[in-house]
Amino acid sequence: MGAILGLVGEGSLAELRDMAAPLAPRGRLTRVLTPAAGVLLGQCGHAAAPEGAGTAVGDCQLDNADALRERLAAHGRPDVGGDDADLLAALIGAFGIEGLAHVRGYFSVACWDERERSLTLACDTAGFRLLRFVAMPGRLAFASAYKALLALPDLNPQPDRDAIQYYLAAMHPPLGSTFLAGVSTMTGGEVIVLREGHWERRRYWTPAVLPVRRTRAGHVAAVREAFLDVVRRKVRPYPRIGFTMSGGLDAPAILAAVRQVKPEAQLVTFTIGSGGSDPEIVGAARVAEHFGTEHHALTFAPESLPQDLPRMIWLMEDCHSREEGLLQFQVMRGTGQQVPVVMAGHGADALLGGMPRHRLIRLAATFPALTGPLTEIYGLTQIGKPPESWLGRLMAYAIYRGREVPPPKVIGAGLGPTVPWPGTVDRAAGKEVLDMPTFRLLEPLHQVEQVHFQTPYLDPDFVATTLSVPAAVRGGLRDQKAILRAALAGLLPPEILLRPKAIQRVRHDQVLSDILDHMADERLTPEAVRQRGLVDPAFVAAVRRRPPGAAYPNEQLYRLWSLVSLETWARQFLDGAGAPAGVSPEGTA
């Protein structure tokens with residue numbers, strides 16, 4: 001658990017220490033390397049770093065370190081010492097960046113190659129432990145969180161208006177971007193190679209759709225075996241295992257697999273919802289009862305929003321505009337004191353086509369004549385783009401009943417976001433496995449709690465097996481995730497196995513609307529909106545209109561939530577240059 005950071009080109013040890021200060025929730029600066037002139041690397045953590053000069057720093061949680069060492073030994077490198085960062089550096093040295101495709105687990109690493117006179121930055125295939133980086137005159141800086149980059153005097157924080165426009169439309173930032181102009185983020189399965197003052201992005205892993213000829217029973221058996229094998233590998237070191245639980249299928253599936261492969265483990269479940277009747281609370285309690293877990297159910301209190309939303313935004317450096325992020329933030333609090341690892345079902349919907357948008361793709365495949373309007377509905381649901389055809393408008397009315405709220409136009413942004421129509425569920429899966437906004441939010445939470453995280457659904461072995469199953473076998477219009485349900489037969493009772501998709505939400509009542517209004521009263525005054533210069537004050541005023549004594553309609557509430565979140569982010573990272581702005585340095589305290 002920790003962070004890495006560095007300067008390539010001009011830079012000093014004092015600047016590196018300044019960069020490390022905002023990373024305090026991830027630990028102190030424990031290691032500094034200068035493997036070459038103009039290369040300064042740092043590693044933060046809660047434990048002492050290994051001794052020795054070294055050429056690599058990393059933040060690593062590897063599932064298969066022993067297997068990687070065996071692979072290197074077979075290649076004539078039996079003497080690889082040091083920590084996991086040195087192991088990954090040796091892997092790159094022996095096999096090139098393609099060697100990273102053999103790594104299982106989560107990591108970010110920076111390693112210097114003296115022979116090539118180059119620095120390689122890399123992150124895991126799931127894009128969990130990402131790196132942020134910025135090129136400035138005379139140097140490039142990188143860090144596990146961009147609040148570290150803001151400690152540099154030559155980085156003048158300015159908003160990336162196109163990224164913010166995408167966020168206000170899609171309710172998450174675009175892949176590879178941040179809200180800060182010039183500051184980029186890596187993506188899963190990617191490396192950045194810096195050599196002689198230049199850098200390039202390269203990929204060492206991409207999900208591949210390679211169908212295999214099997215019977216349906218053969219596909220089911222292959223998915224079941226891969227799922228259990230991945231879960232077995234991921235839980236091997238842990239005697240006590242936590243699970244964030246919902247009212248759906250994905251997390252209970254993992255719990256059932258853990259019970260199968262490690263029956264002696266102590267199982268602890270955590271859930272959060274709006275009260276005892278919330279389907280999330282009820283569904284999680286049923287799973288806990290069936291498996292006999294130590295269960296913890298939390299109730300979301302809307303009154304926590306003014307305190308916890310700024311804390312979450314500062315910690316995550318993101319505004320993710322729906323409540324999933326906030327609920328994850330709250331349910332994770334304190335887990336590190338109870339379990340060493342938390343497992344969750346992130347990635348199942350992306351890989352197995354379990355979201356409502358995937359039904360649109362399957363509908364178009366079933367009824368090709370409807371592809372045009374269904375493409376428009378896809379754009380409406382993903383980035384708020386209104387349909388143009390009469391049939392698309394009719395479909396939109398059937399879904400929203402005229403209550404949709406188009407996103408605002410960001411002042412100074414380009415033409416606005418677009419979202420390509422995937423065409424097939426296979427293409428959607430390949431893209432979405434690499435672009436999971438809600439998943440990317442989790443890593444800072446686990447760092448603060450000092451708890452490891454695992455999800456089997458994004459493991460390359462399970463991804464490859466699942467994408468070897470033809471899309472029609474993986475699921476259809478009505479039986480989404482059919483292959484997963486079949487693979488879990490006998491591990492879960494039918495009432496849990498047949499659960500539909502569940503999405504975490506909070507109660508959109510008048511209490512929540514009033515609290516959001518109070519926050520908007522302070523953050524979104526007409527004068528404050530004009531001075532910020534991102535959106536038209538008239539749009540904010542229109543979004544804030546609601547009948548007295550009534551709650552905001554869902555889409556209107558989300559637009560207001562996104563605007564309140566954006567202004568909170570701007571105060572912290574534009575005005576305060578990454579200072580906590582009323583948030584404790586620990587982020588969740």
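Heavy-atom basis, side chains included; hydrogens, waters and symmetry copies ignored. Note that this is a predicted model, so its numbers are computed, not measured. Along the sequence shown, residues are numbered consecutively beginning with 1.
- The residues K431 and D435 are annotated as salt-bridged, a charged nitrogen and a carboxylate oxygen being separated by less than 4.0 angstrom.
- With salt bridges taken as basic N to acidic carboxylate O contacts below 4.0 Å, one links E190 and R201.
- Ring geometry for W421 against Y378 counts as perpendicular: the plane angle is over 60°, on a 0 to 90° scale with 30° as the lower cut.
- Atoms OG and OH, on S184 and Y146 in that order, are 12.0 Å from each other to the nearest 0.5 Å.
- At most 12 non-hydrogen atoms from other residues, nucleotides or ligands lie less than 6.0 angstrom from CD of E388.
- You'll find the side chain of S144 reaches within 4.5 Å of the side chain of L131, heavy atoms only.
- Between the side chains of Y238 and H452, a donor-acceptor pair is found at a separation under 3.5 Å.
- In this structure R214 satisfies the side chain to side chain donor-acceptor pair (under 3.5 Å) test together with H219, S468, sequence neighbours excluded.
- For F270, the ring pair (Phe, Tyr, Trp, His ring centres under 6.0 Å) partners are H296, not counting sequence neighbours.
- The shortest side-chain heavy-atom distance between F133 and V183 does not fall under the 4.5 Å cut-off.
- Side chains of E324 and Q328: a donor-acceptor N/O pair is absent below 3.5 angstrom, by distance only.
- No donor-acceptor contact under 3.5 angstrom links the side chains of Q454 and D459, judged on distance only.
- Residues forming a salt bridge (charged side-chain N to carboxylate O under 4.0 Å, His left out) with R544 (at least two apart in sequence, or on another chain): D517, D521.
- Under the side-chain contact (heavy atoms from CB on, under 4.5 Å) criterion, T568 pairs with P310, I313, R523, V564, Q572, not counting sequence neighbours.
- Taking the six-membered ring where the residue is Trp, the centroids of H346 and F128 are separated by 6.0 Å or more.
- With sequence neighbours left out, R559 forms a salt bridge (charged side-chain N to carboxylate O under 4.0 Å, His left out) with no residue at all.
- Salt-bridge formation is detected for the pair R286/E495: a Lys NZ or Arg NE/NH1/NH2 atom is positioned less than 4.0 Å from an Asp or Glu carboxylate oxygen.
- Considering all non-hydrogen atoms of both residues, T244 and A344 come closest at OG1-CB, 3.2 Å.
- Under the salt bridge (charged side-chain N to carboxylate O under 4.0 Å, His left out) criterion, E567 pairs with R532, R571, not counting sequence neighbours.
- Considering only residues two or more places apart in sequence or on other chains, R393 meets the side-chain contact (heavy atoms from CB on, under 4.5 Å) condition with P387, W390.
- Ion pairing between a basic and an acidic side chain is recognised when a charged N comes within 4.0 Å of a carboxylate O; E376 and K385 show no such pairing.
- Residues L467 and P207 meet the side-chain proximity criterion, which asks for heavy atoms closer than 4.5 Å.
- No donor-acceptor pair under 3.5 Å is formed between the side chain of D162 and the backbone N or O of Q165.
- In this structure, F227 and F462 have tilted ring planes: the angle between them lies in the 30° to 60° band.
- Here the CD1-NE2 distance, from I383 to H172, works out to 10.0 Å after rounding to the nearest 0.5 Å.
- Sorted by first and then second residue, the salt bridge (Lys or Arg N to Asp or Glu O under 4.0 Å) pairs with a member in residues 474-488 read D250-K481, D349-K481, D426-R474; sequence neighbours excluded.
- Between the side chains of Q330 and S304, at least one donor-acceptor pair of N or O atoms lies under 3.5 Å.
- Judged purely by distance below 3.5 Å, without hydrogens or angles, the side chains of Q61 and H446 never pair a donor atom with an acceptor atom.
- Qualifying side-chain contact (heavy atoms from CB on, under 4.5 Å) partners for R259, counting only residues two or more places apart in sequence or in other chains: L267, F291.
- Under the side-chain contact (heavy atoms from CB on, under 4.5 Å) criterion, Q510 pairs with D514, R546, sequence neighbours left out.
- With rounding to the nearest 0.5 angstrom, the CG atom of L351 is 10.0 Å from the OG1 atom of T465.
- Distance check, rounded to the nearest 0.5 Å: CD1 of I399 to CD of E555 gives 10.5 Å.
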Under 3.5 Å donor-acceptor pairs involving side-chain atoms of residues 353-368, not counting sequence neighbours:
{"residue": "R357", "atom": "NE", "partner": "E432", "partner atom": "OE2", "Å": "3.2"}
{"residue": "R357", "atom": "NH2", "partner": "E432", "partner atom": "OE1", "Å": "3.1"}
{"residue": "H358", "atom": "ND1", "partner": "G354", "partner atom": "N", "Å": "3.3"}
{"residue": "H358", "atom": "ND1", "partner": "M355", "partner atom": "N", "Å": "3.0"}
{"residue": "H358", "atom": "NE2", "partner": "E432", "partner atom": "OE1", "Å": "3.0"}
{"residue": "H358", "atom": "NE2", "partner": "E432", "partner atom": "OE2", "Å": "3.2"}
{"residue": "R359", "atom": "NE", "partner": "L477", "partner atom": "O", "Å": "2.6"}
{"residue": "R359", "atom": "NH1", "partner": "Q480", "partner atom": "OE1", "Å": "3.1"}
{"residue": "R359", "atom": "NH2", "partner": "L477", "partner atom": "O", "Å": "3.3"}
{"residue": "R359", "atom": "NH2", "partner": "Q480", "partner atom": "OE1", "Å": "3.3"}
{"residue": "R362", "atom": "NE", "partner": "G475", "partner atom": "O", "Å": "3.3"}
{"residue": "R362", "atom": "NH1", "partner": "G353", "partner atom": "O", "Å": "3.0"}
{"residue": "T366", "atom": "OG1", "partner": "R362", "partner atom": "O", "Å": "2.9"}

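- Judged as a ring pair (Phe, Tyr, Trp, His ring centres under 6.0 Å), and not counting sequence neighbours, H295 has no contacts.
- Atom CG of residue D124 and atom OG of residue S108 lie 8.0 Å apart, to the nearest 0.5 angstrom.
- At a threshold of 4.0 Å, the pair D461-R233 counts as salt-bridged, since one of the basic side-chain nitrogens sits closer than that to a carboxylate oxygen.
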Task: Working for side chain to side chain donor-acceptor pair (under 3.5 Å), residues H508 and E323 - done: CA-CA 10 Å; H508 293 181; E323 54 263 65; 2.9 Å; yes
